[in-house]
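Each residue takes its place number in the sequence, starting with 1.
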Amino acid sequence: MAEQIEFFTIKDEIPVVENTPYDDVFRTLLDDCPRFVIPLINFVFGTTYDKTEPIRLFQHEFYQTGIHGTQEKIIADSHFTIGGSRYHLECQSVPDGDMQIRMFRYDLAIGIGTAEKGSRNAVYTVQLPNSAVLYLRSNKNIPGETKTIIRPPDQCKHEGEELVYYSPNIKLQEISQQTIFEKDLYILVPFQLFLYEKEMAQCEINTDKLANMLQRFHLLFAMLHQSYEEKRLSAQEVSMLLDMTEKVNRNLSSKYHNVHERLGEMMGGQRLNYPTKEVYEEGVEKGIDIGESNRAIHDIKSLMENAHCSAEKAMEWLGIKDAEQISRFMTML
């Protein structure tokens, strides 16, 4: 009787990782402001892509058939090409000992999904993407790059031959605000609150420490506004960064009422610098379907919540003066 072999799948060994609000922030930034990823790629991989280089975004959901014949869904955070090169970035909010294997699994799924078949002998070319992980939280155990050794079967190699697969790790805590603005790493701006996560408990009860943290965020937003004034960012892009920063704050500081509220108020005030009308007009000019009404309603509600003001006052601050618009927005609130 033949010996029975007990098979296992990666899914059996590696727990399924739940989607987080921070994954959503990262994907939203890539979808709505794809040019933000070019400076990050240049920073991580040492490339020199121009900011106007065309970017193609691809689906990041794949299905694989497991060893038992079951369909397994794989969701990567990103999958795109710049020029002729393919990339895959993951945003990781918690250090994960299995991330190395998951990255290789994702990259293999992308490679298989984009494999090219030759004209003769059914030869396939599988090109794995350049990949990296952005760690929002990290510790000393996370190296600057991870390494996976791949040993092909005997018929595919010479004696002792092996492939070493490298993947850079981007540690948010090692990138200064100065570097972010010097290198145009705007995609990292919404995640800056992670740098102060360990201070939140003290900031909640110590007004001096809270004031110090708010001052650092005031500097961050001032640098963001300077980029806007220098035409390095559009009003639409700044508005998106503020939206995503607000989403991070809503989830990361939810246990700390004072921190959560004061940061929310600060971000609500920042919106006054980027009127809804300007954001909308830029979107129309670029052919982006933002939805004037939806954007205006979002901004009005945000100001009402964070600045504790009436709908009328919020619309006044946002420069919405047309009586017909005001009437329509009031029925939508």
**Message:** The criterion is side-chain hydrogen bond (donor to acceptor under 3.5 Å, both in side chains); which residues satisfy it with Asn251, sequence neighbours excluded?
**Reply:** none

**Asked** OH/Tyr228 to CZ/Arg232 distance, rounded to the nearest 0.5 angstrom?
**Response** 15.0 Å

**Request:** Return the set of residues passing side-chain hydrogen bond (donor to acceptor under 3.5 Å, both in side chains) with Tyr165 (not counting sequence neighbours), or none when no residue passes.
**Result:** Asp107

**Item:** Minimal non-hydrogen separation, Val44 against Ile170, with atom names
**Value:** CG2-CD1, 3.4 Å

**Request:** Verify the distance criterion only: is there a donor paired with an acceptor across the side chains of Thr20 and Asp23 at less than 3.5 Å?
**Result:** yes

**Message:** Using side chain to side chain contact (heavy atoms under 4.5 Å, CB included), reason through Ile41 and Ile82 one step at a time and then give a plain yes or no.
**Reply:** CA-CA 9 Å; Ile41 292 297; Ile82 304 176; 3.9 Å; yes

**Prompt:** What is the distance from atom CG of Leu233 to atom OG of Ser239, rounded to the nearest 0.5 Å?
**Reply:** 11.5 Å

**Request:** Report the residues that fulfil side-chain hydrogen bond (donor to acceptor under 3.5 Å, both in side chains) with Arg250, sequence neighbours left out, ordered by chain and then residue number.
**Result:** none

**Request:** Applying side chain to side chain contact (heavy atoms under 4.5 Å, CB included), run through Met103 and His88 and close with a yes or a no.
**Result:** CA-CA 9 Å; Met103 283 297 287; His88 162 221; 3.7 Å; yes

**Message:** Using side-chain heavy atoms (C-beta onward) and a distance below 4.5 Å, is Met240 in contact with Cys33?
**Reply:** yes

**Prompt:** At their closest point, which heavy atom of Gln173 faces which heavy atom of Ser138, and how far apart are they?
**Reply:** CD-OG, 3.2 Å

**Item:** Nearest-0.5 Å distance, CG of residue Leu219 to CG of residue Leu224
**Value:** 11.0 Å

**Prompt:** Quick check: does any side chain N or O of Glu204 sit under 3.5 Å from a backbone N or O of Asn258, one acting as donor and the other as acceptor?
**Reply:** yes

**Asked** What about Leu57 and Val25, same hydrophobic cluster or not, with Ile/Leu/Val/Met/Phe/Trp/Tyr joined at side-chain heavy-atom distances under 4.5 Å?
**Response** yes

**Request:** Report the distance from atom CG of Leu195 to atom CE of Met213, rounding to the nearest 0.5 Å.
**Result:** 11.5 Å

**Message:** Just to verify, what does Arg86 make a side-chain contact (heavy atoms from CB on, under 4.5 Å) with, not counting sequence neighbours?
**Reply:** Phe58, His79, Thr81, Ile110, Thr114, Pro129

**Message:** What I'd like to find out is whether the side chain of Val238 reaches to under 4.5 Å of the side chain of Leu242, using heavy atoms alone.
**Reply:** yes

**Prompt:** Would you say Asn249 and Met267 make side-chain contact, with heavy atoms under 4.5 Å?
**Reply:** yes

**Prompt:** Between CG of Leu214 and CZ of Phe221, what distance do you get to the nearest 0.5 Å?
**Reply:** 9.5 Å

**Prompt:** Are any non-hydrogen side-chain atoms of Leu172 and Leu188 less than 4.5 angstrom apart?
**Reply:** yes

**Expected output: side-chain Ser310 to main-chain Lys313 donor-acceptor under 3.5 Å** = yes

**Prompt:** Same hydrophobic cluster for Phe104 and Ile149, using side-chain heavy-atom links shorter than 4.5 Å among ILVMFWY?
**Reply:** no

**Asked** Tell me the salt bridge (charged side-chain N to carboxylate O under 4.0 Å, His left out) pairs involving residues 207-225, sequence neighbours left out?
**Response** Glu199-Arg216

**Request:** Could you grab the distance from atom CZ of Arg27 to atom CG of Asp77, nearest 0.5 Å is fine?
**Result:** 4.5 Å

**Contact check, side chains of Phe26 and Pro190, non-hydrogen atoms, under 4.5 Å** = no

**Asked** Would you say Glu312 and Ile326 make side-chain contact, with heavy atoms under 4.5 Å?
**Response** no

**Prompt:** Leu163 and Leu108: same hydrophobic cluster, using ILVMFWY side-chain contacts below 4.5 Å?
**Reply:** yes

**Message:** Quiz question: by atom type and distance under 3.5 Å, do the side chains of Tyr106 and Arg102 form a donor-acceptor pair?
**Reply:** yes

**Asked** Do Leu89 and Leu134 have side-chain heavy atoms sitting under 4.5 Å apart?
**Response** no

**Message:** Tell me whether Val259 shares a hydrophobic cluster with Ile205, the cluster being built from Ile, Leu, Val, Met, Phe, Trp, Tyr side chains joined at under 4.5 Å.
**Reply:** no

**Prompt:** Do the side chains of Val248 and Val94 join up, straight or via other hydrophobic residues, at under 4.5 Å, putting them in one cluster?
**Reply:** no

**From CA spacing to verdict: side chain to side chain contact (heavy atoms under 4.5 Å, CB included), Leu29, Tyr186** = CA-CA 10 Å; Leu29 287 169; Tyr186 299 117; over 6 Å; no

**Prompt:** Among all residues two or more places apart in sequence or in another chain, which pass the side-chain contact (heavy atoms from CB on, under 4.5 Å) test with Lys147?
**Reply:** Val164, Tyr166

**Asked** Within a reach of under 6.0 Å around CD of Glu53, are more than 12 heavy atoms found that belong to other residues, nucleotides or ligands?
**Response** yes

**Fill in**
Residues at least two apart in sequence or cross-chain that pass side-chain hydrogen bond (donor to acceptor under 3.5 Å, both in side chains) with Tyr22, listed by chain then number, are none

**Message:** Is the shortest side-chain heavy-atom distance between Ser131 and Tyr87 below 4.5 Å?
**Reply:** no

**Request:** Evaluate side chain to side chain contact (heavy atoms under 4.5 Å, CB included) for Phe43 paired with Thr179, printing each intermediate quantity in order.
**Result:** CA-CA 10 Å; Phe43 180 75; Thr179 299; 4.0 Å; yes

**Request:** Return the set of residues passing ring-ring contact (aromatic ring centres under 6.0 Å, His included) with Phe191 (not counting sequence neighbours), or none when no residue passes.
**Result:** none

**Asked** In chain order, what residues pass the side-chain contact (heavy atoms from CB on, under 4.5 Å) check against Thr146, with sequence neighbours excluded?
**Response** Gln100, Pro143, Ser167, Asn169

**Prompt:** Got a sec, which pairs hit salt bridge (charged side-chain N to carboxylate O under 4.0 Å, His left out) with one end in residues 128-145, sequence neighbours left out?
**Reply:** Arg137-Glu197

**Asked** What closest approach, in Å, do Ala201 and Tyr256 show between heavy atoms, and which atom pair accounts for it?
**Response** CA-CE2, 3.6 Å

**Request:** Work out which heavy atom in Leu241 is nearest to a heavy atom in Thr245; give both atom names and the distance.
**Result:** O-OG1, 2.7 Å

**Request:** Apply salt bridge (Lys or Arg N to Asp or Glu O under 4.0 Å) to Arg35 and list each qualifying residue two or more places apart in sequence or on a separate chain.
**Result:** Glu237

**Prompt:** For Glu182, what residues pass the side-chain contact (heavy atoms from CB on, under 4.5 Å) criterion, not counting sequence neighbours?
**Reply:** Gln178

